Amino acid sequence: MKQFFTLLIIMAATWWPLSMQAQKAPDKRVNITCAPADSAEIVQLLSSGCTSTIAFAQHFIDRPYVAHTLEVNDEEQLVVNTRQLDCTTLVETVVALTLCSAQGKTNFADYTDMLTRLRYRQGIIDRYPSRLHYFSDWIDDNTQLKLVREIQLNGAPFTATQRLNINYMSRHADAYTALKAHPEFIETIAQQERALTGRRYRYIPKPKVGNMPSLRSVVKDGDIIAITCKKSGLDIAHLGFAVWKEDGLHLLNASQIHQKVVLDPMTLRQYLYNHPSHTGIRIIRLNTKQN
């Protein structure tokens, strides 16, 4: 693919301007697939002085929605693509930018290190199963790394509990390019699903998602909103960022419906009720004051 270049980054190669150290794996090489325009955009954003999650997310409004942008290599690599986004890659891109900015980190190597920590289990790339495919796993892993924390209150508006029963990927392996190419990964994915199954999380059910003081007190602009669902084998249906407006809570997201990144014109309450399988929302907050 001529529009991409692949960076082979080795810890000892300090002569290379984009060199970085693989998180917790200094003996391994880290491959990055990235277009030159994307790396330049990341550096420009980190050098802009912006520190706001919402401002970073707004920068990507109108970018095309494109699914499966991480599935461009047979061997797992860190893919950086700011030109085409889905709901997960938008969240990861913006979170990596925000956390780097909060820590005063402004170069591309800092960004790719942060993105690796967010996207892969304990920040280590080790083939396709090391990617955090289920967002509940993503939340728990990044909570352990102290990059984010989930808001879990024992009371209103967190009046419902989600008990995970995860098996979607292993039961629909034919829908995943990597699993079709590498069926030996399916059992590893199934083991990860079994580890997730049974975990419980408090969430805000959709009848409680309204323009009310109790919701405004717990959901802040820039929080990650993870929409819970009752689709068999899944935990989270969609992701985005919380934005409060006068008429209520809205979702800034990479929208498959609109085919681009948008601040949805309808309220989140309206959005949830337009999707019968959506049950409510979980709230994840960035730890911008860490380290």
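The model shown is predicted, which means the values in this text are computed figures rather than measured ones.
Surrounding CZ of R216 are more than 12 heavy atoms belonging to other residues, nucleotides or ligands, all under 6.0 Å away. Applying the 6.0 Å contact sphere to CD of Q256 captures no more than 12 heavy atoms from other residues, nucleotides or ligands. A 6.0 Å sphere centred on NE2 of H68 holds no more than 12 heavy atoms belonging to other residues, nucleotides or ligands.
T177 and E71 share no side-chain donor-acceptor pair at under 3.5 Å. For the 3.5 Å distance criterion, the side chains of D86 and T89 qualify, holding a donor opposite an acceptor. Looking only at atom types and distance, the side chain of Q192 has no donor-acceptor partner in the side chain of H133 under 3.5 Å away. Side chains of R83 and T69: no donor on one and acceptor on the other come within 3.5 Å.
Between H275 and Y271, the ring planes lie tilted relative to each other; the angle falls in the 30° to 60° range.
The closest donor-acceptor contact from the side chain of D137 to the backbone of Y134 lies at 3.5 Å or more, if one exists at all. In this structure a side-chain-to-backbone donor-acceptor pair under 3.5 Å is missing from K208 to P157.
With V80 as reference, I32 is the one residue of T93, T33, I32 to meet the side-chain contact (heavy atoms from CB on, under 4.5 Å) rule.
Using a 4.5 Å cut-off between side-chain heavy atoms of Ile, Leu, Val, Met, Phe, Trp and Tyr, with links allowed through other members, F185 and I125 fall into different hydrophobic clusters.
Using a 4.0 Å cut-off between charged nitrogen and carboxylate oxygen, R121 and D126 do not count as a salt-bridge pair.
Closest of all the heavy-atom pairs between K146 and N287 is O-ND2, 3.1 Å.
Taking CE from M169 and CD1 from I189, the interatomic distance works out to 4.5 Å, rounded to the nearest 0.5 Å.
Residues H258 and D264 form a side-chain contact, since some pair of their non-hydrogen atoms from C-beta on lies under 4.5 Å apart.
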